[in-house]
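In what follows, a single structure is set out as structure tokens and then discussed.
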2 protein chains.
Amino acid sequence: MALNHSRQRDAIMDFLSYRKDHPTAEVIYDNVKKVYPKISLGTVYRNLTLLADNGVIRRLRTRDSKDHFDADLSPHYHFMCNGCGCITDIFLDHTKELEAAANELTPGMITGHEVFFYGTCPSCMKIKNET
Amino acid sequence: MALNHSRQRDAIMDFLSYRKDHPTAEVIYDNVKKVYPKISLGTVYRNLTLLADNGVIRRLRTRDSKDHFDADLSPHYHFMCNGCGCITDIFLDHTKELEAAANELTPGMITGHEVFFYGTCPSCMKIKNET
DNA sequence: AAATAAAACAGTAATCATTACTGATTTAGA
DNA sequence: TCTAAATCAGTAATGATTACTGTTTTATTT
């Protein structure tokens, strides 16, 4: 596979590293374009897939049918707001416990899991209360 | 919204009720077509969306980028095989506990959550060992 | 049972996120 | 500097899902 470096891939990785909101390919594209105006959306997608396949980043599949990406590989869960679609991290200690419990109940072999919480974020709760 | 009945919708619901493997719209279409040969894929999609929006069934978004549907509304989690893509149920008691713990850490309001375990199912493990 | 309006249908076109393809450019190592 | 592999920009294609249109069912009222 031999992952080289490239200005574009590094820029994507860089952008993703300092963002904590797990942006979509589109958002990443819009932002990296500020630095590399000629970058194409295809390049963004190709690199995100490449990085995800090599375990450098995580791909999150959510209810909004767009993929989101996360450069933080530490075990943690996510919360998505049903109102605005924003995503935030949730760090719980249940990781190993959950996986162990699930492994006991399953004849197969479990190698990982994802948890998504859904609900309403603080700013969307405000809006609701005002209405 | 006023959900009537219709032969097609009832057939979809019926099929989904006795299947435990959370089929995709395509699979549901192929099967319901045996009973209603003229049913269209659009009808299947429209009804699945309608049923999901009315809380009669659950829509599962997975790594395979196809939606899967589940007529079992009881709180439970899912396991998906990375090999063949099959999905099975996992019943754990952690539901309330997890959500309570997450709610403490989040300024927003959590109303539900989904857990997906990934790994290798028994039959795919066999195949691996034989190779 | 006939009349009627709302809901649902089949069939098909359109959408949208993502992936694949092509010929040109960049990268890394000799 | 040279060269092969990797990557790129740009664009076409894919695949799941949704929207649209004119017709048929459904539930309800007479």
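None of the values given here were measured: they were computed from a predicted structure.
Aromatic ring pairs are classed by plane angle as parallel below 30°, tilted from 30° to 60° and perpendicular above 60°; the pair B:Phe15 and B:Tyr18 is perpendicular. Using cut-offs of 30° and 60° on the angle between ring planes, the pair A:His22 and A:His78 is perpendicular.
The CG atom of B:Leu48 sits 16 Å away from the C1' atom of D:dA19 (whole-angstrom rounding). The separation between A:Ile28 atom CD1 and C:dT18 atom P is 10 Å, rounded to whole Å. If you take CZ of A:Arg46 and P of D:dA12, they are 17 Å apart, rounded to a whole angstrom. Nucleotide C:dA7 holds its C1' atom 14 Å from the CG atom of B:Asp10, rounded to whole Å. The separation between B:Asp67 atom CG and C:dC16 atom P is 17 Å, rounded to whole Å. What separates CG of A:Asp64 from C1' of C:dC16 is a distance of 12 Å, to the nearest Å. Atom CG of B:Leu41 and atom P of D:dT18 are 11 Å apart (whole Å). Across the protein-nucleic acid pair, B:Arg7 atom CZ and D:dT26 atom C1' stand 10 Å apart, rounded to whole Å.
Between the B:Thr62 side chain and the B:Asp64 main chain, a donor and an acceptor come within less than 3.5 Å of each other. Formation of a donor-acceptor pair under 3.5 Å by the A:Arg9 side chain with backbone atoms of A:Asn4 is found in this model.
The side chain of A:Ser40 has D:dG10 as its nearest neighbour among C:dT18, D:dG10, D:dC8. Listed candidates were D:dA6, C:dT18, D:dA16. Nearest to the side chain of A:Asn4 is D:dA6. Taking the side chain of B:Asn47 as heavy atoms from C-beta on, and the options D:dC8, C:dC9, C:dG11, the nearest nucleotide is C:dC9.
Residue A:Gln8 places at least one side-chain N or O under 4.0 Å from the OP1 or OP2 atom of D:dA9. For C:dA8, the OP1/OP2 oxygens have no side-chain nitrogen or oxygen of B:Ser6 closer than 4.0 Å. Here A:Tyr45 reaches the OP1 or OP2 of C:dT18: one of its side-chain N or O atoms lies under 4.0 Å away. For D:dT18, one of the phosphate oxygens OP1 or OP2 lies less than 4.0 angstrom from a side-chain nitrogen or oxygen of B:Thr49.
The two atoms that bring B:Tyr29 and B:Leu41 nearest to each other are CE1-N, 3.4 Å, heavy atoms only.
Nearest-nucleotide assignment on DNA chain D puts the 5′-proximal partner with A:Ile39, out of B:Glu26 and A:Ile39.
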